[in-house]
Amino acid sequence: MIVTRFAPSPTGYLHVGGLRTALYNYLYAKKNEGKFILRIEDTDQTRYQEGAVENLMNSLKSVGIEYDFGPGKEDENAPYFQSKRNNIYKKEVDKLIQDGNAYRCFCTPERLKELHEKQVANKEDPKYDGKCRNLSQEESDERAKSENFTVRLKVPETGGITFKDKVRGKVKIDYSEVSDQILIKTDGFPTYHLANVVDDHYMKISHVIRGEEWLSSLPKHLLLYRYLGWKAPKFAHLPLLLNSDRSKLSKRQGDVAVEDYLNKGYLPSALLNFLALLGWNPGGKKEIFSLEELVNEFSLERINKSGSVFDVKKLDWMNGQYIRKMSDESYFVEAKKWIDESKLKKDKIHIALKSLKPRLVKMTDIQEKLKTFTQTEFEINDEEAKKIIGTDSTKIVLKSYSEKVSDLDELTANDFYSIMKKVQNDTGIKGKDLWMPIRIALTGEMHGPELDCIVEYFGKEENISRVGKFF
RNA sequence: GUCGCAUUCGUCUAGUGGUUAGGACUCAGGAUUUUCAUUCCUGCAACAGGGGUUCAAUUCCCCUAUGCGAUACCA
């Protein structure tokens with residue numbers, strides 16, 4: 001049984017990099033008919049943020065990534081908050097200490113800081129010097145009664161470990177590079193390393209798919225599995241998402257929160273598609289994939305090794321593709337979330353919306369572009385437009401147009417073309433000189449949606465009144 | 001500093017011991033469109049550098065450079 005998990009710490013919002021990690025875990029589980037778990041890693045009390053968990057879960061939900069087990073979906077492996085699993089960690093740590101694979105450390109933060117500075121100054125590897133490593137059982141027990149202490153992992157002094165990563169292949173790290181990691185903090189909470197290994201074991205995680213920043217600490221994790229007598233899961237370390245200058249994707253250079261992108265009018269499906277292809281691809285020339293297709297195509301073998309730049313331009317393009325690909329019905333539903341319907345003519349709202357469909361990059365663009373239809377007063381700002389609207393030829397066209405529209409009972413897109421034909425015949429004016437005056441008189445702009453949509457939207461009376469102002 | 005990982009057009013990427021190194025985004029040009037957008041076509045543009053191995057290396061090995069990550073009582 002394939003079981004994967006996404007294990008974020010609730011420090012604020014869901015990062016797009018986190019979403020990609022979640023997505024890969026989800027895809028791999030679903031592809032193999034396994035389970036996908038959400039676990040909240042909230043062992044650092046100092047970083048706790050009000051509402052962060054809700055925010056995280058909302059973001060996941062709104063992009064359509066659903067977990068099989070996790071907060072609110074408990075099974076026998078619950079709870080899914082690390083802060084509520086302390087008794088489990090305690091038990092395992094006691095075992096580690098008893099077996100001599102971990103030890104209490106009574107060093108103060110001050111001493112540790114001093115040690116670190118000294119090592120850096122001497123150009124030594126900064127790592128714990130092992131002062132408390134060989135304390136006798138009696139001394140350790142005795143001091144534990146009155147002193148604060150942490151618990152450290154006893155890393156072998158010699159040798160090393162070679163492990164296989166599903167993405168990187170063989171990686172070799174010497175134990176001399178690995179410090180005696182703190183497993184339990186003075187406040188009694190476990191560090192990531194311990195909690196992670198213990199939880200992954202008890203939650204029967206088969207594949208750990210996580211960011212590359214964890215690759216270097218894998219020896220510690222593997223050591224824990226060994227000391228605890230557990231079989232380690234398979235590991236896949238993902239390449240990082242980068243800013244355009246190739247630094248780690250950060251808030252300073254643009255949006256990183258999933259909710260920011262959603263609020264800006266990127267469609268969840270487009271965001272997921274885009275993210276999926278950052279660091280993975282199925283090999284063909286196809287680029288647009290539904291979530292279902294991603295599930296079918298996904299494989300760990302095709303994950304790239306190097307970091308990828310998050311290019312918003314490409315996301316923009318992809319979002320546009322998704323908007324255009326939508327059926328009109330679902331597009332209307334989506335579009336209505338982004339507009340103030342009361343400003344539009346109820347019976348003609350779909351005419352306006354549809355004319356905008358090929359013109360949108362993000363759903364938020366719709367508000368601005370709708371102005372063509374909603375504004376009742378406008379000034380002509382474009383110099384060329386001003387020139388065109390003032391010519392005699394324009395006045396002739398508009399007058400003729402107005403007269404012909406007046407003869408109609410109703411003005412539809414179809415009528416519009418036959419009317420324009422007549423205007424052309426009567427005035428002898430054609431091409432740009434014929435069409436542009438109508439557009440400018442109606443909208444004040446040189447550019448915009450298809451004229452027939454605009455004309456039909458406004459209807460007979462408004463066409464006459466708008467055009468009438470210019471001759 | 002040390003250790004680890006990485007390196008194909010500006011960006012995302014495909015690919016191979018012998019290829020005109022392919023696609024997508026961006027950009028430029030063109031076609032369609034009464035405008036803009038869409039759509040379509042064309043073009044620009046890459047195997048980090050140096051050594052090996054080999055008849056042949058972008059592809060395999062080593063070194064260098066560069067980038068990133070780790071080196072926390074953060075995850």
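Sequence lines set the chain letters: A, B, ... in the order given, protein chains first and strands last, and positions in each chain run from 1.
Screening Asp255(A), Thr364(A), Asp365(A) for a side-chain hydrogen bond (donor to acceptor under 3.5 Å, both in side chains) with Lys264(A), the sole residue that qualifies is Asp255(A).
When both pairing distances are held under 3.5 Å, rC44(B) makes no Watson-Crick or G-U pair with any nucleotide shown. For rG1(B), the paired base is rU71(B) (Watson-Crick or G-U wobble, both distances below 3.5 Å). Nucleotide rA21(B): unpaired (no Watson-Crick or G-U wobble partner with both distances less than 3.5 Å). In this structure, rU33(B) forms no base pair with any nucleotide, since neither Watson-Crick nor G-U wobble geometry is met with both distances under 3.5 Å. Of the nucleotides present, rA6(B) is the one that pairs with rU66(B) by Watson-Crick or G-U wobble criteria, both distances under 3.5 Å.
Using a 4.5 Å heavy-atom threshold, the side chains of Met420(A) and Ile438(A) count as touching. Side-chain contact between Val53(A) and Met57(A) is present, with heavy atoms from C-beta onward closer than 4.5 Å.
If you find the closest nucleotide of RNA chain B to Met436(A) and to Pro190(A), the one lying nearer the 5' end belongs to Met436(A).
Judged purely by distance below 3.5 Å, without hydrogens or angles, the side chains of Ser140(A) and Arg104(A) pair a donor atom with an acceptor atom. Inspection of the Asp187(A) and Gln45(A) side chains reveals no N or O donor paired with an N or O acceptor under 3.5 Å. A donor-acceptor contact closer than 3.5 angstrom is absent between the side chains of Ser418(A) and Asp415(A).
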Q) What one-letter contact string describes nucleotides 39-45 of chain B from 5' to 3', where B marks a base within less than 4.0 Å of any protein heavy atom, S marks contact via sugar-phosphate atoms alone, and - marks no contact? A) S------
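With rC12(B), rC68(B), rC73(B) as the choices, the nucleotide that has an atom nearest any side-chain atom of Thr150(A) turns out to be rC73(B). With rG10(B), rA72(B), rA37(B) as the candidates, the nucleotide lying closest to the side chain of Asp311(A) is rG10(B). Counting only heavy atoms from C-beta on, Leu451(A) has its side chain closest to rU34(B) among rU34(B), rG69(B), rC74(B). Listed nucleotides: rC68(B), rA75(B), rU34(B). Nearest to the side chain of Trp435(A): rU34(B). Comparing rU38(B), rG15(B), rA75(B) by their closest approach to the side chain of Arg302(A) singles out rG15(B).
Here the separation of rU8(B) from rU66(B), taken at their C1' atoms, is 16 Å to the nearest Å. A distance of about 40 Å separates the C1' atoms of rA37(B) and rU58(B), rounded to the whole Å. For the P atoms, the distance linking rC12(B) with rC47(B) amounts to 16 Å, nearest Å. Distance check on atom P: rG30(B) versus rU35(B) gives 14 Å, rounded to whole Å. Using atom P as the reference point in both rC73(B) and rC61(B), the two lie 37 Å apart (nearest Å). rG43(B) and rG23(B) have their P atoms separated by 9 Å, with the value rounded to a whole Å.
Between Asp199(A) and Arg5(A) there is no salt bridge, since no side-chain nitrogen of the basic residue lies less than 4.0 Å from a carboxylate oxygen of the acidic one. Checked for salt-bridge contact, Glu383(A) and Lys386(A) meet the test: a charged N lies under 4.0 Å from a carboxylate O. Residues Lys314(A) and Glu287(A) are paired through a salt bridge, judged by an N-O separation under 4.0 Å between the basic side chain and the carboxylate.
With rounding to whole Å, Leu356(A) atom CG is found 15 Å from rA37(B) atom P. Whole-Å rounding puts the Asn196(A) CG to rA75(B) C1' distance at 9 Å. For the pair Gln82(A) CD and rC74(B) P, the interatomic distance rounds to 13 Å; values are reported in whole Å. Distance OH (Tyr192(A)) to C1' (rA70(B)): 13 Å, rounded to an integer number of Å. Whole-Å rounding puts the Arg47(A) CZ to rC74(B) P distance at 9 Å. Rounded to whole angstrom, the span from the CG atom of Asn243(A) across to the C1' atom of rC68(B) amounts to 12 Å.
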Extract all donor-acceptor atom pairs below 3.5 Å that involve side chains of residues 212-223 of chain A and protein atoms in other chains or at least two apart in sequence.
{"from": "Ser217(A)", "atom 1": "OG", "to": "Trp214(A)", "atom 2": "O", "distance (Å)": "3.3"}
{"from": "His221(A)", "atom 1": "ND1", "to": "Arg210(A)", "atom 2": "NH2", "distance (Å)": "3.2"}
{"from": "His221(A)", "atom 1": "NE2", "to": "His193(A)", "atom 2": "ND1", "distance (Å)": "2.8"}

Show me the side-chain donor-acceptor pairs of residues 148-156 of chain A shorter than 3.5 Å, one per line, residues at least two apart or across chains.
{"from": "Arg152(A)", "atom 1": "NH1", "to": "Asp180(A)", "atom 2": "O", "distance (Å)": "2.8"}

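In this structure, Arg20(A) is positioned above the aromatic face of Tyr24(A), its NZ or CZ under 6.0 Å from the six-membered ring centre and within 45° of the axis.
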Could you go over nucleotides 3-6 of chain B and give all protein N or O partners under 3.5 Å, atom names and distances?
{"from": "rC3(B)", "atom 1": "O4'", "to": "Glu177(A)", "atom 2": "OE1", "distance (Å)": "3.2"}
{"from": "rC5(B)", "atom 1": "O2'", "to": "Arg168(A)", "atom 2": "NH1", "distance (Å)": "2.7"}
{"from": "rC5(B)", "atom 1": "O2'", "to": "Glu212(A)", "atom 2": "OE2", "distance (Å)": "3.4"}

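Residue Arg246(A) places at least one side-chain N or O under 4.0 Å from the OP1 or OP2 atom of rC12(B).
Residues that satisfy the ring-ring contact (aromatic ring centres under 6.0 Å, His included) test with Tyr261(A), not counting sequence neighbours, are Tyr266(A), Phe310(A).
Judged by distance alone with a 3.5 Å cut-off, a donor-acceptor contact links the side chain of Thr186(A) to the base of rC73(B).
Using a 4.0 Å cutoff on non-hydrogen atoms, the parts of residues 277-287 of chain A near RNA chain B are Leu277(A), Leu278(A), Gly279(A), Asn281(A), Gly283(A), Lys285(A), Glu287(A), ordered by number.
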